[in-house]
Structure formats: structure tokens, C-alpha cells
2 protein chains.
Amino acid sequence: MDHCATCYVRNRAICSALEVDEVTALGRIGRHHRLVPGQTLIWEGEDSMLVANVIDGVLKLSTSLSDGREQIVGVVYPSDFIGRPFGTRVQHNVTALTDAHVCTFSSSDFERFAREHPELEHKLLERTLGELDRTRRWLLLLGRMTASEKLANFLLDMSERLTPGGSCGNSPADGFDLPFGRQQIADILGLTIETVSRRLNDFKAQKIIAVPSRRRIEILDRTALSDIAANATL
Amino acid sequence: MDHCATCYVRNRAICSALEVDEVTALGRIGRHHRLVPGQTLIWEGEDSMLVANVIDGVLKLSTSLSDGREQIVGVVYPSDFIGRPFGTRVQHNVTALTDAHVCTFSSSDFERFAREHPELEHKLLERTLGELDRTRRWLLLLGRMTASEKLANFLLDMSERLTPGGSCGNSPADGFDLPFGRQQIADILGLTIETVSRRLNDFKAQKIIAVPSRRRIEILDRTALSDIAANATL
DNA sequence: CGAGAACTTGATATGCCTCAACTTGCGTGG
DNA sequence: CCACGCAAGTTGAGGCATATCAAGTTCTCG
């Protein structure tokens with residue numbers, strides 16, 4: 001695999017810790033994969049052990065109870081790292097939500113390489129610490145927020161992540177396309193699809209957002225949305 | 001500080017990655033602290049930046065909303081690591097639940113030391129990855145479980161962590177003392193104190209547990225408890 | 001022994017879930 | 001190009017689990 005030289009996320013992924021020749025060496029143990037929406041890369045409980053970098057697309061991490069209740073426990077974007085090195089067992093499914101490109105490694109190969117490249121491990125550590133922070137904030141959301149607060153926070157979060165240029169304020173086109181359907185939003189927020197639909201329509205009725213198509217959200221009144229989410233901000 | 005040589009958690013904390021002389025060097029930049037229950041070591045949002053190892057005791061990590069709703073986002077035990085190195089800002093309070101001993105470092109000192117000792121960073125990475133896994137499982141609990149399921153899982157989790165010898169099965173004294181009051185259990189599980197009390201009494205009535213004193217729990221029927229928690233296990 | 005905190009218990013309220021029908025959007029094939 | 005059919009999303013009615021509010025009770029510690 002010699003894609004590395006032209007890799008989109010080369011400067012943001014953990015690979016950015018490496019020198020050119022080291023990237024080449026890492027590239028040699030990696031494999032490029034293309035995923036279609038709904039395709040699962042890693043299954044909960046399996047110990048095959050694969051890790052990967054996301055090059056393009058959005059994937060979800062999810063776990064579920066035996067009766068079918070599901071919770072999305074993470075969402076990964078381009079340049080994010082997937083998998084559980086230095087562990088025995090994956091704790092969740094990893095499934096593509098959009099068309100996606102990933103760069104996979106066998107865990108053992110990756111682990112060996114990482115241990116020889118402390119800079120890489122350091123980058124991974126920083127990333128993991130950040131992910132832990134974000135996951136802990138999510139605990140507050142799931143444990144203590146109402147449906148409206150959950151949705152407001154979710155929309156603000158999405159607007160940050162998905163707005164390309166980073167247009168802040170109440171600029172004319174403060175909108176984005178969600179990579180999720182309603183059920184997936186529900187699975188992220190610990191709600192039912194019906195509640196998501198209802199609260200979203202409340203926001204629409206209050207002219208806080210517009211929903212021109214199923215997956216598109218436009219934020220009309222960011223202040224109002226922040227106010228609803230605000231309790232969270234501390 | 002020359003406690004390191006006799007430190008209780010010396011072989012389990014991240015220090016275990018280091019050689020004797022390295023531990024000594026780390027010890028020189030650390031300070032020993034004693035905390036009493038309720039004492040807060042780190043405040044949410046502050047950027048003073050302190051990191052620490054827990055030597056003894058139990059501490060909680062918590063965040064709260066402006067109107068007082070609180071969520072415990074983590075619980076740390078002896079040998080666990082506290083704080084957010086390589087970041088700008090702490091996202092939660094760190095408060096002692098019991099008398100506690102911690103070994104603190106200024107973030108910058110610790111970061112400098114860590115970057116010079118890849119083995120230490122590696123241990124920290126493993127720890128952080130494990131913590132992330134556990135936190136993600138907690139998302140499932142908060143987002144998708146009923147109060148009884150939450151409590152059953154909580155009790156089983158506690159019994160694992162707090163049982164000294166690791167007595168499994170239905171041995172005669174399958175009990176432990178919680179380091180939490182009812183309100184804190186509620187704040188861990190995203191419930192109210194009243195619901196915790198009621199469900200706990202249900203378990204008592206069903207002879208699944210006994211509660212000889214406020215903080216003591218004895219598991220009488222581990223199978224039943226597992227069944228209630230079971231949906232989670234997948 | 002007294003006072004306060006911690007916890008329990010009860011009555012009521014409510015936000016979210018459940019179940020069910022309906023609508024909309026969208027791709028496919030006639 | 002339209003019409004069909006299915007998947008996705010919306011809307012409504014009603015129920016239920018948990019929250020809320022308000023007393024009680026039991027520990028605990030000076």
C-alpha cells in the first residue's frame with residue numbers, strides 16, 4: 001500500500017507523528033478497505049483484533065442488549081482511530097454509516113509497530129484521552145438531560161463537527177447533513193425514534209431549526225438552541 | 001518524597017513500568033497528599049493542571065449542570081490514575097469519597113517526565129484504553145437500561161471491585177461495603193435517590209440481597225441478580 | 001440523649017415509551 | 001414517466017416507569 005503519500009488524513013491521523021520513512025513502513029503492514037453504509041468492520045466480542053484509521057466517511061460504535069435495545073457508544077470521523085490495541089476483546093460493533101475508507105492493521109502488527117515508535121503511541125494516547133473526555137461528557141447527557149436538552153446538545157455538536165468551513169454565529173447557511181437516520185439519533189441519545197421526531201418538530205415549530213430534507217438540518221436560532229442545551233455548559 | 005519504595009500500589013500503578021532509579025526520579029517531582037471524604041482535589045474547568053496516582057481510597061469524578069443535576073462520570077480506586085495530561089482543561093471535579101492518599105504531580109512536570117519515558121506512556125495508554133471501554137459500557141447502562149437493570153449491574157460491578165479475595169460464586173459471605181451513599185449511587189446510575197432506595201428494597205424483599213447496614217451489601221442470590229442484569233451481558 | 005443527616009415510604013405528577021395508524025419520500029419496474 | 005411498494009419518518013392516544021413533593025423513620029455522632 002503506497003497510498004500514504006497522498007492520504008487525505010495524513011496530517012491529522014496518528015500517522016502525523018511519524019517521519020516519512022516510518023509512514024512508509026506503517027503503510028506496508030496496513031490494508032486499504034472500502035466500506036458501504038451498514039457494513040460492519042468489527043463485531044462485538046470477537047477477538048480477531050483489527051485496528052484501523054478512518055480515511056473517509058463516518059462510522060458508529062454500538063453495543064446492544066440481548067432483547068435488541070441498542071446504544072451507540074461512539075461515532076468516528078476521518079482521521080479517527082478505530083479498535084482496541086493492547087486488549088483482548090472488542091466491546092462493540094463498528095459499522096459504516098456512509099461510504100467509508102479505512103486503513104486497517106492486524107492488532108498484533110500494529111501493536112508491535114507502535115511499541116517501537118513512542119511518538120505514535122503518544123499521539124494515540126492524546127487521542128484516547130480526548131475520546132475519554134468526550135465519552136464522559138456523554139454520560140452527563142444520557143444520565144441527566146431531558147430529551148430536548150439531549151437533542152439541542154446533539155445538534156450543536158453535529159454542527160461543530162460537520163460544518164466544513166467552521167462558519168460560526170448566525171450566518172445565513174448554518175446547516176449540515178446528518179450522517180444518521182432518526183433511529184440512529186435515538187440510539188445515540190438514549191431515546192426512542194418517536195421522541196426524537198417530536199422534539200425535532202418542536203424545534204421546527206419554534207423556528208429554532210429548519211429541516212429541508214430528512215437528513216439536513218439548518219440552525220436558524222443558534223442562541224435559542226444554546227439556551228436549551230445550556231444547562232450542560234456549566 | 002521517598003515513599004515510592006514502600007508504596008502499596010507500586011506494582012499496579014503506572015509506575016510499575018519504570019525501573020527503580022526512574023521511580024525515584026518520578027518520586028522527586030511528586031507530592032504525597034492526604035484527603036478526607038468530601039474533599040475536592042481538582043475542580044471542573046480549572047486549568048491548574050494536576051495529575052495524580054491514587055494510593056489508597058476511592059474518589060469520584062463528577063460533572064453537573066447549572067441547576068444542580070449531577071452525574072458521576074467515573075470512580076477511581078487505588079493504583080488508578082487521575083487527571084488530564086496533554087490537555088488544556090479538566091472536564092470534571094475529582095472528590096474523595098473516603099479517606100484517601102494520592103501522589104500528585106504538576107501536569108507539566110509529569111508530561112515532561114512521561115515523554116522521556118515511553119514505557120510510562122505506554123502503561124498510561126493501556127489504562128486509558130481500559131477506562132474508555134468501561135466508560136462506553138456505562139453509556140449503554142445510562143442510555144438503555146431500566147432502574148432495576150442499572151442497579152443489578154452496579155451491584156455486580158461493585159462486588160467485583162470491592163471483594164478483597166475475589167470470592168466468586170455464592171460463597172457464604174458474598175458481601176462488601178459501598179464507598180457511596182444513596183445519593184451517589186443515584187448520581188452514578190442517572191436515577192433519583194428515591195428510585196435507588198425503592199429498587200434496592202425490592203431486591204431485599206426478593207431475598208436477592210441483604211442490607212445489614214446502610215453501606216453494606218450482601219449478595220444472597222447472585223444468579224438472580226445476574227439474570228436481572230443479564231440483558232446487558234450480551 | 002438530642003439533633004441533624006441519611007434514608008425510606010407514600011401519594012401524585014409527568015415525560016418518555018409503546019403501540020398503532022398514517023404520511024412522505026424514494027427507488028424500481030412497468 | 002408514472003405508479004407501485006417499501007422504508008423512513010410523523011402523528012396520535014394511552015400507559016407506565018421514574019421523577020417530584022412531602023412526611024416519616026432510622027441511623028450516627030457529639
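None of these values were measured; they are calculated from a predicted model. Note on naming: letters A, B, ... go to the chains in the order of the sequence lines (proteins, then strands), and numbering restarts at 1 for each one.
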### Query
Relative to the ring of B/F154, is the ring of B/F180 parallel (under 30°), tilted (30 to 60°) or perpendicular (over 60°)?
tilted
### Query
What orientation do A/H101 and A/H32 show, parallel under 30°, tilted 30 to 60°, or perpendicular over 60°?
perpendicular
### Summary
Atom CZ of A/R144 and atom C1' of C/dC16 are separated, to the nearest Å, by 16 Å
#### Entry: Nearest-nucleotide 5' precedence on DNA chain C, B/E194 against A/T192
B/E194
### Message
Quick check: on DNA chain C, is the nucleotide nearest A/R214 upstream (toward 5') of the one nearest A/L191, or the reverse? Name the residue that is more 5'.
### Response
A/L191
### Task
Can you see which heavy atom on B/K150 is nearest to which on B/L141, and at what distance?
CE-O, 3.3 Å
### Task
Identify the two heavy atoms, one from A/E218 and one from A/G175, that lie closest to each other, and give their separation to 0.1 Å.
CG-CA, 3.7 Å
### Query
Are any of the side-chain heavy atoms of B/L59 and B/L35 separated by less than 4.5 Å?
yes
### Query
If you look at every strand shown and take non-hydrogen atoms under 4.0 Å, does A/R182 touch a base, only sugar-phosphate, or nothing?
sugar-phosphate
### Query
Contact class for B/S213 vs. all strands (heavy atom < 4.0 Å): base, sugar-phosphate, or nothing?
nothing
### Query
Is A/T195 near enough to C/dC17 that one of its side-chain N or O atoms lies under 4.0 angstrom from OP1 or OP2?
yes
### Task
Can you check whether any acceptor in the base of C/dG10 is under 3.5 Å from a donor in the side chain of B/R198, or vice versa?
yes
### Message
Using a 4.0 Å cut-off to any heavy atom of chain A, which nucleotides of DNA chain D are the first and last in contact, reading 5' to 3'?
### Response
D/dA8 to D/dA13
